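Below, chains carry the letters A, B, ... as their sequence lines are ordered, and counting in each starts from 1. When reading the values below, keep in mind they use all heavy atoms of this one structure, side chains included, and skip hydrogens, waters and symmetry mates. If you're wondering where the values come from, they're calculated on a predicted model, not measured in any experiment.
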2 protein chains.
Amino acid sequence: MKTPEELTELFRSTGRKVTAQRQCIFRVLHGDVTHPSAEAVHAVASREMETISLKTVYQTLHDLAELGEIVSLDVGTGMTRFDPNVDDPHHHLVCRECGRVRDLVAVFPELQIPKGAELGFQVGSAEIVFRGLCPECQPATRTGRVPARAGK
Amino acid sequence: MKTPEELTELFRSTGRKVTAQRQCIFRVLHGDVTHPSAEAVHAVASREMETISLKTVYQTLHDLAELGEIVSLDVGTGMTRFDPNVDDPHHHLVCRECGRVRDLVAVFPELQIPKGAELGFQVGSAEIVFRGLCPECQPATRTGRVPARAGK
DNA sequence: GAAGTTATCTACAACGCTTGTTGAAAAACA
DNA sequence: TGTTTTTCAACAAGCGTTGTAGATAACTTC
Ligand SMILES: [Mn+2]
Ligand SMILES: [Mn+2]
Ligand SMILES: [Zn+2]
Ligand SMILES: [Zn+2]
């Protein structure tokens with residue numbers, strides 16, 4: 001996604017108003033690699049603006065998604081996750097234990113569907129979700145660390 | 001998944017009671033290839049037993065999942081989908097328009113993660129979701145059919 | 001078979017995440 | 001600055017799903 005300054009420009013040029021709340025959300029998302037949920041974005045933004053509402057966060061996330069600056073993901077963790085990385089094509093690693101999501105920047109060009117197996121579907125895209133255990137959730141024997149459940 | 005008769009046996013042998021409602025759900029699921037939601041199962045079961053409750057359907061689906069006879073899927077259609085096909089490893093085609101889910105019975109053995117790209121994740125499984133348009137939702141020029149939004 | 005024990009059933013309410021609605025406040029335009 | 005238009009925050013409601021309760025039915029022991 002673009003920088004907070006560029007997003008300010010983009011919002012204005014697409015007829016959207018620029019508010020302190022929105023700019024705060026731009027800053028929170030910029031450089032975030034954790035694929036935060038709306039609540040996670042709200043939690044961080046609240047540290048800067050105590051009164052910002054969750055609804056405003058959802059609204060702005062949807063605007064950004066509409067503009068193609070972020071993408072919303074459903075990886076089965078119960079909440080929609082938002083991904084500011086829209087430039088490199090990539091897939092995702094999801095922790096079964098704590099729900100952490102990380103990018104897997106690898107292309108699998110050989111993902112060809114065998115002829116006839118599409119059953120008439122017109123296939124447009126393929127998403128791969130790798131499930132497993134993140135470093136923090138692996139048994140201590142392997143990392144020496146203690147697993148910690150991530151709060152929301 | 002097993003036949004309704006075998007499931008009856010399995011339920012009894014694992015200390016679960018067998019009721020008419022559960023056997024009705026066994027029959028509904030047997031041979032179903034649509035990856036129904038709990039509500040869809042309930043709708044079909046209700047045709048046979050008008051009073052069966054949605055809660056009972058959820059309960060039985062969870063029992064079957066616990067026994068490994070079905071698997072629950074989250075493919076981003078808003079509802080958990082249940083898959084009685086647990087024997088062939090396969091992936092899924094999901095219609096962006098109506099939410100239909102179909103099996104794609106193809107193995108992709110070359111799904112190797114580049115060294116170092118796992119970022120310390122201990123990867124256990126990979127699911128591929130192919131998104132596109134099912135035959136019923138494609139423009140008429142391609143199939144001659146009229147797209148229809150599927151009810152839930 | 002009948003009684004007693006245990007699990008299940010239905011109806012209802014509540015949950016977590018997300019979205020609709022409202023009047024008040026703020027941004028854009030001139 | 002004044003006018004118009006959009007957004008904000010608070011509240012409530014929507015959705016799919018799960019918890020709770022007493023009534024009911026299935027399994028066990030006689
Ligand atoms: Mn990503
Ligand atoms: Mn399937
Ligand atoms: Zn983890
Ligand atoms: Zn379709």
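Here dT18(C) is the nucleotide among dG20(C), dT18(C), dC8(D) with the atom lying nearest to any side-chain atom of Ala38(A). Side-chain atoms of Arg22(B) lie closest to dC9(C) of the nucleotides dA9(D), dT10(C), dC9(C).
Axis angle, first five pairs versus last five pairs of the helix from dG1(C)-dC30(D) to dA30(C)-dT1(D): 30°, rounded to 10°.
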### Query
How far apart are the C-alpha atoms of Phe26(A) and Thr3(A), what are their side-chain angles, what is the distance that settles it, and do they pass the side chain to side chain contact (heavy atoms under 4.5 Å, CB included) test?
CA-CA 8 Å; Phe26(A) 297 165; Thr3(A) 65; over 6 Å; no
Check your understanding: Where do Gln21(A) and Thr60(A) land on the side-chain hydrogen bond (donor to acceptor under 3.5 Å, both in side chains) test, with the steps shown first?
Key -> CA-CA 9 Å; Gln21(A) 289 88 344; Thr60(A) 306; over 6 Å; no
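Considering only residues two or more places apart in sequence or on other chains, Glu127(B) meets the side-chain contact (heavy atoms from CB on, under 4.5 Å) condition with Arg131(A). Legend: residues meeting salt bridge (Lys or Arg N to Asp or Glu O under 4.0 Å) with Lys2(A), ordered by chain and number and at least two apart, are Glu69(A). With sequence neighbours excluded, the residues forming a side-chain contact (heavy atoms from CB on, under 4.5 Å) with Asp83(A) are His35(A), Val71(A), Leu73(A), Asn85(A), His90(A), His92(A), Asp103(A), listed by chain and number. Residues that satisfy the side-chain contact (heavy atoms from CB on, under 4.5 Å) test with Ser72(B), not counting sequence neighbours, are Thr80(B), Phe82(B). Qualifying side-chain contact (heavy atoms from CB on, under 4.5 Å) partners for Gln59(B), counting only residues two or more places apart in sequence or in other chains: Lys55(B). In this structure Glu66(A) satisfies the salt bridge (Lys or Arg N to Asp or Glu O under 4.0 Å) test together with Arg16(A), sequence neighbours excluded. Qualifying ring pair (Phe, Tyr, Trp, His ring centres under 6.0 Å) partners for His91(A), counting only residues two or more places apart in sequence or in other chains: Phe108(A). For Arg27(A), the salt bridge (Lys or Arg N to Asp or Glu O under 4.0 Å) partners two or more places apart in sequence, or in a different chain, are Glu48(A).
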Please tabulate the protein-to-nucleotide N/O contacts below 3.5 Å involving nucleotides 26-30 of chain D, giving atom names and distances.
from: dA26(D); atom 1: N3; to: Lys17(B); atom 2: NZ; distance (Å): 3.3
from: dC27(D); atom 1: OP1; to: Arg12(B); atom 2: NH1; distance (Å): 2.8
from: dC27(D); atom 1: OP1; to: Val18(B); atom 2: N; distance (Å): 3.4
from: dC27(D); atom 1: OP2; to: Arg12(B); atom 2: NH1; distance (Å): 3.3

Heteroatom pairs (N/O) under 3.5 angstrom, protein to nucleotides 22-25 of chain C:
none

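For the pair Phe82(A) and Ser53(B), nearest-nucleotide mapping onto DNA chain C gives the more 5' position to Ser53(B).
In this entry the distance linking NE2 of His42(B) with P of dC9(C) reads 12 Å, nearest Å. Going from atom CG of Leu54(B) over to atom C1' of dC15(D) covers 12 Å, rounded to whole Å. When the P atom of dA10(D) is taken as reference, atom CD of Glu50(A) falls 12 Å away, rounded to whole Å. Taking atom CD1 on Ile52(A) and atom P on dA26(C), their separation rounds to 15 Å, with Å as the unit. Remark: P of dG16(D) and CG of Leu61(B) are 15 Å apart, rounded to the nearest angstrom. In this structure, the NZ atom of Lys55(A) is 15 Å from the P atom of dA13(D), given to the nearest Å. Between the C1' atom of dC15(C) and the CE atom of Met79(A) lies a distance of 14 Å, rounded to the nearest Å.
Using modelled atom types and a 3.5 Å distance limit, the side chains of Thr8(A) and Glu5(A) yield no donor-acceptor pair.
In this structure, Arg81(A) does not pair ionically with Asp74(A), as no charged nitrogen and carboxylate oxygen lie closer than 4.0 Å.
Between Thr80(B) and the phosphate of dG16(D), there is no side-chain N or O to OP1/OP2 separation shorter than 4.0 Å. OP1 and OP2 of dT18(D) both lie 4.0 Å or more from every side-chain N or O belonging to Gln59(B). Remark: Tyr58(A) is in phosphate contact with dT18(C), judged by side-chain N or O atoms under 4.0 Å from OP1 or OP2.
Contacts between residues 62-77 of chain A and DNA chain D, defined by a heavy-atom separation below 4.0 Å, involve no residue at all.
Contact of the Leu61(B) side chain with the Ile70(B) side chain is registered, since non-hydrogen atoms from C-beta on lie closer than 4.5 Å.
The backbone N or O of Gly120(A) lies less than 3.5 Å from a partner atom in the side chain of Gln138(B), making a donor-acceptor pair.
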